[in-house]
Amino acid sequence: MAARRPPQAAHWDLVDSPARTLPPSPDPVGDVLVDWFAEAARDLAWRRPGTDPWAVLVSEVMLQQTPVARVEPVWRDWMDRWPTPVALATASPAEVIRAWGKLGYPRRALRLRETAVALTERHGGVVPADVAALEALPGIGTYTARAVACFGHGQPQPVVDTNVRRVVARLVHGRAEAAPARAADLTDVAVLAPADPERAARFSVAVMELGALVCVARTPRCAVCPVRTDCAWRLAGCPAPDGPPRRVQRFAGTDRQVRGRLLDVLRGAEGSVAAPQLDEAWADAVQRSRCLDSLLADGLVEQTADGRFTLPAG
DNA sequence: TAATCGTGGTT
DNA sequence: TAACCAAGATT
């Protein structure tokens, strides 16, 4: 349990006032969440002691829009093969695309490799702790930069991902769903953080963990929520989402599916592949050609001098 | 700003 | 079964 907060030394304590006889105020939400995290946190591979900032960075990029369960085995494999930025910088694009497997959004694999090169060439092979320097790296945006600074370097950085936006929407704003991301999200969550820097750093993971385990999107588990008595959404009677329903992203039949099929053929092949082999991946020749072009443009596929296709050698 | 970019488990 | 959902970034 949390240490109870000492009584506030407010100015009216100097006079005889009923305030000084009130029971101690409840722990701030931030402290409650930090203490909840200490007992409820998942034992994830990248949270083990000794995980360095590079390993955290790799995990964060893999976790972008990708469930934890699918990331774990791939992350272990990557860290075995490329335990440092310098190690990854020597790998070829083909190698990292294959090692990425079916995590999805394979451009992340290329950008991660580019980040390794940038760290090697411009940062002495070290992952910076500075948010701005991190954000300048390929594939590292506002979320991932702060996540690496916080989880990798222990900095007290506010971190906002989809989990945090949902928790803040309910807990603070009393809404059922997270609004689209905005700049103020950062301060929304920052004001909840404990003042102590170490606890503030733990708080950032704790809020995310609450969103991942308890304050989940579909069916929140309010009965076991450590901050249910503070929750504005619950106090408002758990109102339904107000705005129009968000569009679901279709997948079947899209270019994304076709790109995935094409890349899957190339990942599975030993060396290069002739065009007719790619034809089997998708029937519609127009769409297939468009997608192959986009893969070439993205640097995920390469054409050889004799017209065959391969994963890029480097 | 909104569209695009994979994949597969869950409901 | 179709829809939902998952530690976002980029253009």
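Numbered from 1 within each chain, the chains take letters A, B, ... in sequence-line order. What you see below is based on every heavy atom in this structure, not just the backbone, and it leaves out hydrogens, waters and symmetry mates.
Other residues, nucleotides and ligands contribute more than 12 heavy atoms inside 6.0 Å of the CD atom of Gln303(A).
Summarising the geometry, the separation between CG on Leu103(A) and P on dG8(B) is reported as 10 Å, rounded to the nearest angstrom. Between the P atom of dG6(B) and the CG atom of Leu295(A) lies a distance of 7 Å, rounded to the nearest Å. With rounding to whole Å, Arg250(A) atom CZ is found 12 Å from dT4(B) atom C1'. The distance from atom CE of Met62(A) to atom P of dG6(B) is 16 Å, rounded to the nearest whole Å. Atom CH2 in Trp100(A) sits about 12 Å away from atom P in dT7(B), given to the nearest Å. One atom, CZ of Arg290(A), and another, C1' of dT4(B), lie 12 Å apart when rounded to the nearest Å. Here the P atom of nucleotide dG6(B) and the CD1 atom of Ile97(A) are 11 Å apart, to the nearest Å. One can place CG of Leu110(A) at 11 Å from P of dG6(B), the figure rounded to the nearest angstrom.
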The contact string for nucleotides 4-11 of chain C, one letter per nucleotide 5' to 3', using protein heavy atoms under 4.0 Å with B, S and - for base, sugar-phosphate only and none, comes out as BSBBBSS-
Applying side-chain hydrogen bond (donor to acceptor under 3.5 Å, both in side chains), run through Arg108(A) and Thr66(A) and close with a yes or a no.
-> CA-CA 11 Å; Arg108(A) 289 184 292 169; Thr66(A) 309; 3.0 Å; yes
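Here the separation of dT7(B) from dT11(C), taken at their C1' atoms, is 23 Å to the nearest Å. A gap of 14 Å separates the P atoms of dT10(B) and dA7(C), to the nearest Å.
Side-chain atoms of Arg42(A) do not come within 3.5 Å of backbone N or O of Leu213(A) as any donor-acceptor pair. Side-chain atoms of Arg202(A) never come within 3.5 Å of backbone atoms of Val34(A) as a donor-acceptor pair (strictly under, hydrogens ignored).
Counting heavy atoms from C-beta outward, Asp52(A) and Val56(A) have side chains that stay 4.5 Å or more apart.
Ring to ring, Trp82(A) and Trp54(A) are not that close: their centroids are 6.0 angstrom or more apart.
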